[in-house]
Amino acid sequence: MESKGIFSLLGDNLSQFWQYTGVANVSFGHILMIVIGLVFIYLAIKKEWEPMLLVPIGFGIIVGNIPFFHGLSIGIYEQGSVLNILYQGVLQGWYPPLIFLGIGAMTDFSALISNPKLLLIGAAAQLGIFGAYAIALLLGFSAAEAGAIGIIGGADGPTAIFLSSRLAPDLVGAIAVSAYSYMALVPVIQPPVMKLLTSNKERLIRMKPPRAVSQNEKRIFPIVGFLLTAFIVPSGLPLLGMLFFGNLLKESGVTRRLAETARGPLIDVITILIGLTVGASTQADKFLQVRSIYIFVLGALSFVIATFGGVLFVKFLNLFLKDGNKINPLIGNAGVSAVPDSARVSHQVGMEYDKTNYLLMHAMGPNVAGVIGSAVAAGVLLGFLT
Amino acid sequence: MRINEFLVTNTDDYEDDFGHKHGWIELFNTSYGAVGIGGCYLTNDPANLKKYVIPKGDATTKIGPRQYTIFWADNMPTRGTYHLNFTLEESSEIILVASDGRTIIDRIKIPHEQIDTNVTYGRITDGEGSIDGSGEGWGIMERTTPKTSNITAEREPAHVVVKRMDPFGIIMAVTAMSVVFCALVLLYLSFKYMGKNAIRKAKKKLESDSPNSPATGNVSDQEESAEQLAAIAMALDLYFRELEVHDFEYTVLTRNETPKTYSPWSSKIYTLRETPVKISKR
């Protein structure tokens with residue numbers, strides 16, 4: 001009797017243990033998501049596509065898709081779990097502004113200050129956001145969801161996470177993964193559009209070298225930039241405030257240690273946390289839906305529309321500029337704010353046609369303008385839709 | 001702070017902490033910051049503005065942003081901070097007075113003839129309307145709403161309204177793009193003129209420097225073109241690279257081992273002659 005009781009107890013315990021294992025709870029969705037996570041890690045290591053983001057996101061996807069028995073406070077969606085606590089930074093929207101602080105502290109706005117008309121390209125490229133917004137509405141998404149999806153076209157991961165956490169918290173995972181994936185794929189998505197819209201003659205336009213910018217101008221930029229943009233779109237305050245504050249730390253010349261912390265350890269810590277938790281939020285049961293496929297398709301479209309907007313706007317602007325002052329339309333794509341990848345794409349495509357035409361420094365202008373533009377656009381969407 | 005809603009005769013409505021039903025006055029903090037009302041006065045008598053002083057020491061008298069609080073008009077001030085020393089049945093007016101005892105913050109006349117039992121009179125939109133007692137913006141409430149918004153109709157969320165009004169997103173696209181452009185055009189104009197100013201100043205400095213000190217080599221920022229800067233950067237880069245290659249540190253020469261097993265130094269492409277081409281016989 002005694003031995004039977006022990007075996008029965010052992011059997012019960014083993015059976016319970018089995019129920020707790022990942023093997024007992026696994027589904028096809030989990031396996032698929034783990035494979036996607038592995039692909040992300042592969043792309044990051046082998047192809048070096050945005051490794052700082054794709055490695056944490058890829059591993060996060062694996063972490064979030066290890067099957068488990070629900071109710072043990074383990075999963076990212078289970079209140080009080082470690083992952084859930086870390087995920088609050090995404091849901092409450094305080095990781096993205098901290099990343100913007102670091103971006104501000106590492107961004108040199110000289111190219112923009114020396115040729116401020118490049119700012120307008122950063123505005124034109126936000127067309128991708130509203131193009132994707134309109135298509136998302138047609139596909140049946142609510143206006144709030146459409147706004148959150150549209151912001152993928154801003155090509156700015158932190159902004160996309162910030163806005164989607166406010167407008168459509170359920171879609172944060174899909175939107176963030178989509179935004180970061182397409183940012184990594186900028187060298188693949190943009191060149192065909194750029195080549196399609198430009199003539200050979202336009203691609204060979206040489207731009208005037210930018211003038212040297214004084215330190216005082218660099219110091220004034222974040223203050224004036226913040227005041228002008230924040231007064232127009234106060235809802236973009238968390239992002240714009242942090243971006244320009246970080247830049248002031250960099251340019252003030254008296255807060256070197258703070259600037260170094262913001263662009264170094266702080267942004268690294270937040271990048272790790274945001275990448276891992278966003279990845280982990282793609283739990284198969286939440287992520288593998290038809291809506292996620294739509295989001296990925298809309299994300300790609302928004303990048304294409306944004307590139308269209310930027311390049312066509314430069315061509316339009318050139319109609320009013322004198323010879324010698326014309327802008328090479330190949331830098332129009334850099335208006336999407338995937339810093340610095342889209343500027344690098346401008347440069348590389350330009351080099352294909354003229355090996356001595358260095359567009360990188362010119363493309364950095366619209367590129368950083370795109371960061372400001374997408375933050376302003378996010379503020380507008382937030383103001384309209386909440 | 002505003003008087004937001006009041007109930008004169010209460011027989012079947014909100015109860016106080018003692019389980020009694022009395023008339024009540026709702027105050028609303030219209031600001032986006034907390035407001036302390038301790039020390040302010042509530043009265044029903046324009047000749048006695050200091051009739052009921054709201055106790056200063058009570059922490060609950062700090063009203064949060066856009067929050068509401070209720071005072072019981074039960075003429076029982078011994079029951080606590082929120083119990084007044086008058087009732088509304090006997091009053092013709094409610095006046096909220098600042099802590100100086102003179103400044104009237106808000107006042108409203110009680111239209112007894114319009115108000116039934118258990119029906120409240122309040123501002124149509126929270127905090128909005130007259131503050132001079134005229135009753136503009138006030139009306140009979142469909143439901144009593146103590147400690148909450150007077151707007152009882154279910155509101156559609158903003159995004160639902162936006163989708164209904166603009167199903168294709170065109171208005172949103174045009175408006176939002178205009179706002180983005182406005183913000184960046186303002187920035188553009190500011191920095192365009194700031195840039196011009198900077199160039200003008202630099203030129204002036206250059207002109208004033210050059211005749212007096214031609215030999216000092218005082219060169220302004222404007223003189224250095226991008227090519228010059230690139231050349232300087234390249235020279236510095238080469239210099240530092242050279243230091244790296246020789247690995248000269250603290251006068252000790254060391255040798256850096258490269259982790260690559262196959263480097264240009266060991267490359268056969270660079271060291272061997274071309275592979276002879278074999279000419280095939282016909």
Side-chain angles (χ1 to χ4, degrees), chain A residues 109 112-124 126-127 129-131 133-138 141-147 150 167 208-214 216-217 220-221 224-225 228-233 236 309 358 361 369 372-374 376-377 379-381 383-386, chain B residues 32 155-206 218-234:
Chain A
F109 285 101
L112 207 58
I113 300 168
S114 68
N115 192 0
K117 63 175 168 282
L118 300 180
L119 269 162
L120 304 178
I121 306 172
Q126 305 314 317
L127 191 68
I129 296 176
F130 302 104
Y133 168 82
I135 301 170
L137 283 183
L138 290 177
F141 284 98
S142 74
E145 289 169 337
L167 295 180
K208 269 201 219 165
R211 70 175 174 85
V213 173
S214 72
N216 270 344
E217 284 178 274
I220 292 168
F221 183 80
V224 174
L228 288 180
T229 51
F231 265 93
I232 293 175
V233 195
Y358 298 100
M361 56 190 167
I372 303 171
S374 59
V376 174
V380 176
L381 285 170
F384 271 63
L385 300 173
T386 54
Chain B
Y32 289 89
R155 270 192 179 177
E156 276 183 309
H159 65 92
V160 176
V161 178
V162 168
K163 189 168 182 182
R164 188 158 42 77
M165 308 288 276
D166 178 26
F168 303 109
I170 295 166
I171 298 169
M172 166 68 96
V174 172
T175 318
M177 281 301 283
S178 310
V179 175
V180 175
F181 262 102
C182 277
L184 294 187
V185 163
L186 272 177
L187 259 183
Y188 158 65
L189 292 175
S190 313
F191 282 90
K192 189 183 166 191
Y193 291 107
M194 228 175 268
K196 278 186 178 173
N197 201 28
I199 293 169
R200 208 170 30 240
K201 270 188 183 171
K203 273 184 184 167
K204 265 189 189 171
K205 195 171 177 253
L206 187 67
N218 225 355
V219 182
S220 86
D221 284 352
Q222 294 308 309
E223 278 190 326
E224 291 160 358
S225 68
E227 281 86 358
Q228 280 172 312
L229 290 172
I232 294 166
M234 174 66 90

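Remember, predicted model here, so these are calculated numbers, not experimental data. In the text below, chain A, chain B and the rest are named by the order of the sequence lines, each starting its count at 1. Because only heavy atoms are used, hydrogens play no part in the values below, and waters and symmetry mates are left out as well, while side chains stay in.
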Greatest number of heavy atom pairs closer than 4.5 Å to chain B - which of [options]:
options                        : answer
A/V380, A/L137, A/L167         : A/L137
A/Q126, A/K208, A/E145, A/M361 : A/Q126
A/A123, A/A369, A/G225, A/S114 : A/A123
A/A144, A/G379, A/G147         : A/A144
A/L381, A/V376, A/L138         : A/V376

Under 4.5 Å from any heavy atom of chain B, what part of [X] do you find: side chain, backbone, both or neither?
X      : answer
A/A124 : both
A/S142 : both
A/L127 : both
A/F221 : both
A/F384 : both
A/F109 : neither

| task | Determine whether B/M172 and A/L385 make a side-chain contact, defined as any pair of heavy atoms from C-beta on separated by less than 4.5 Å. | result |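 Sidechains of A/L385 and B/M172: in contact.
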| field | pair B/I171-B/M165: side-chain heavy atoms closer than 4.5 Å | value |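 Not in contact.
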Once you round to the nearest 0.5 Å, how far does [atom1] of [X] lie from [atom2] of [Y]?
X      : Y      : atom1 : atom2 : value
B/H159 : B/K163 : NE2   : NZ    : 10.0 Å
B/L184 : A/L118 : CG    : CG    : 12.0 Å
A/I372 : A/L119 : CD1   : CG    : 6.0 Å
B/Y188 : B/Y193 : OH    : OH    : 7.5 Å

| query | Which of the residues B/D166, B/N197, B/V162, B/V174 is involved in the greatest number of heavy-atom pairs with chain A at under 4.5 angstrom? | reply |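 Option with the greatest count: B/V162.
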| Max heavy-atom pair count under 4.5 Å with chain A, selected residue of B/K192, B/M177, B/E227 |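 Most heavy-atom pairs under 4.5 Å with chain A: B/M177.
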| Of A/V224, A/N115, A/V213, A/L112, which meets side-chain contact (heavy atoms from CB on, under 4.5 Å) against B/F191? |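 Exactly one pass, corresponding to A/V224.
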| For B/K201, all residues meeting side-chain hydrogen bond (donor to acceptor under 3.5 Å, both in side chains), sequence neighbours excluded |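 Result, side-chain hydrogen bond (donor to acceptor under 3.5 Å, both in side chains) vs B/K201: none returned.
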| Counterpart residues, side-chain contact (heavy atoms from CB on, under 4.5 Å), relative to A/I232 (two or more places apart) |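 Partners of A/I232 under the side-chain contact (heavy atoms from CB on, under 4.5 Å) test: B/V179, B/A183, B/L186.
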